[in-house]
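One structure is given below, encoded as structure tokens.
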Amino acid sequence: MRKPGVLVAGLAAVALLGAACGGSDNGGGGGGGGNEALTGSIFVSGSSTVEPISALVAELFAEENPDVEITVEGPGTGDGFELFCNGETDISDASRPIEEDEVAACEANGIEYTELEVALDGISVLTSPNNDAVSCLNSGDLYALLGPESEGFESWADANDLAGEVGGSAAPYADAPLAVTAPGEESGTYDAFIELSGIPGIAEERGIPEDQWETTRPDYQASANDNVIIDGIAGTDTSLGWVGFSFFEQNQDVVKALDVDGGEGCVTPTFDSISDGSYPLSRSLFIYVNNAKAAESEALAAYVDFYMTDTGLQTAVQEVAYVVLGDDRIEATRTVWEGARPA
């Protein structure tokens, strides 16, 4: 398998890649108008989680059309939407759906877009392989260790009283350093983790101020680089953190995934449990396409065409260790693009 960090390092800074005409395999449609070579530039930014997929699609695209310059970068979903809604990018990669304030920003700037689901992911809660004290966490545990009331907890044991109040099933925790490394607030993985973990509901029930419901503890090592997060978790025996499933899958030699109990028992993040939705922290991954720019650029429309083929939605997704959409969802994504694609 291709490690996302290696691939991204080769493409993110200045990825001078080609955009191929569509019409490869199933479902993408054509693009670029006959055999005339495509030219132009495409700028893709946003989620560091989705970045490896979009970058590999661009790399495969380049094999047919080397005259289109494609830049793929991953500063985070939130930062990506800020650029996108300012009209600065052509496609925004996202590891969560666009939020209301981002919709409003796009509307204010006249940016119309098409949302396309491209893959599935499961947020993996990680620790060091040397940590034998815990194997499964529920929403109470996640709140006690990582929620807004856990600020200042330097030891797992510091969270024991709070865990008892909120139903943490893994408590009492060991008296060992609690070293947290995870995505920062600019990341869609941060937002998705909070929502899927149940932290907002527990915070509301406990009377926490509303502006803190959708936050974690602020005192942890935050990074927009998933490989930095992996290194941080691997570097301490009693660490804790979270990343997208792909980064766990390809780094199992240095980190360990904890099972998560969403109310129906402990579930391990796997391709199957994410695909069938039984893993509680499963989520969809998206690309957002600027409609006006796609209408103006044959190269951009052709790149999205290629993304919609089996090569994009299946081969590329599998190659970077994400979970392929079911056939019905792939068909739904293709139908959305066929309806939105400029003639």
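Nothing fancy with the numbering, it's 1 onward along the sequence. Excluded from the calculations below are hydrogen atoms, water molecules and symmetry mates; all remaining heavy atoms, backbone and side chain alike, are included.
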Under 3.5 Å, side chain of [X] to main-chain N/O of [Y], donor-acceptor pair present?
X      : Y      : result
Arg217 : Leu145 : yes
Gln314 : Thr311 : no
Tyr220 : Pro183 : yes
Gln250 : Val320 : yes
Ser124 : Leu126 : no
Ser54  : Glu51  : no
Asn251 : Phe247 : yes
Thr333 : Glu117 : yes
Thr77  : Ala94  : no
Ser273 : Thr268 : yes

I'd like to check [X] versus [Y] (side-chain heavy atoms, cut-off strictly below 4.5 Å). Are they in contact?
X      : Y      : answer
Leu325 : Val118 : no
Glu69  : Ile42  : no
Leu146 : Val180 : yes
Asn290 : Tyr113 : no
Asp272 : Tyr279 : no
Val324 : Leu120 : no
Val44  : Thr71  : no
Phe43  : Ser92  : no

(request) Identify the residue among Ile202, Val166, Leu137 that makes a side chain to side chain contact (heavy atoms under 4.5 Å, CB included) with Leu142. (result)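 Filter result, single survivor: Leu137.
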
(request) From the options Ile91, Leu116, Ile53, select the one residue that forms a side chain to side chain contact (heavy atoms under 4.5 Å, CB included) with Tyr307. (result)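 Filter result, single survivor: Ile53.
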
In terms of side-chain heavy atoms, does [X] have a donor or acceptor partner in [Y] at a distance below 3.5 Å?
X      : Y      : answer
Thr39  : Asp67  : no
Asp276 : Ser278 : yes
Ser239 : Ser128 : no
Arg334 : Thr309 : no
Asn138 : Asp261 : no

Please verify the inter-ring angle class for [X] with [Y]; under 30° counts as parallel, over 60° as perpendicular, anything in between as tilted.
X      : Y      : value
Tyr173 : Trp156 : perpendicular
Phe271 : Phe245 : perpendicular
Phe61  : Tyr303 : tilted

(message) Starting from Val134, can I reach Val243 by hopping between I/L/V/M/F/W/Y residues whose side chains sit under 4.5 Å apart?
(response) yes

(request) Look at the side-chain heavy atoms of Ile, Leu, Val, Met, Phe, Trp and Tyr, link any pair under 4.5 Å apart, and say whether Val304 and Ile111 land in one connected group. (result) no

(request) Output, in order, the C-alpha distance, side-chain angles, deciding distance and verdict of salt bridge (charged side-chain N to carboxylate O under 4.0 Å, His left out) for Arg96 and Asp121. (result) CA-CA 10 Å; Arg96 59 161 172 78; Asp121 182 32; over 6 Å; no

(request) Check the pair Leu178, Thr238 against side-chain contact (heavy atoms from CB on, under 4.5 Å), reporting the backbone distance first and the verdict last. (result) CA-CA 6 Å; Leu178 177 58; Thr238 53; over 6 Å; no

(request) Could you note down all residue pairs passing salt bridge (charged side-chain N to carboxylate O under 4.0 Å, His left out) where residues 129-155 supplies at least one of them, sequence neighbours left out? (result) Glu149-Arg206

Count the heavy atoms of every other residue, nucleotide or ligand shown that sit under 6.0 Å from [atom1] of [X], and state whether that count exceeds 12.
X      : atom1 : result
Asn130 : CG    : yes
Glu88  : CD    : yes
Glu82  : CD    : no

(request) Sorted by first residue and then second, give each disulfide bond (SG atoms under 2.5 Å apart) pair with at least one member in residues 59-105; sequence neighbours left out. (result)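 Qualifying pairs, neighbours excluded: Cys85-Cys106.
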
(request) Not counting sequence neighbours, list each pair that qualifies as a disulfide bond (SG atoms under 2.5 Å apart) and has a residue in residues 269-320. (result) none

(request) Quick one: do Phe306 and Asn65 satisfy side-chain contact (heavy atoms from CB on, under 4.5 Å)? Show the steps, please. (result) CA-CA 12 Å; Phe306 187 82; Asn65 289 271; over 6 Å; no

(request) Please report the closest heavy-atom contact between Val254 and Ala234, naming both atoms and the distance. (result) O-CB, 3.4 Å

(message) How close do Gly244 and Arg283 get, counting heavy atoms only, and between which atoms?
(response)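 Residues Gly244 and Arg283, closest heavy atoms: CA-NH2, 4.0 Å.
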
(request) With rounding to the nearest 0.5 Å, note down the distance linking CG in Asp90 to CG in Asn291. (result)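 One finds 12.0 Å between CG of Asp90 and CG of Asn291.
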
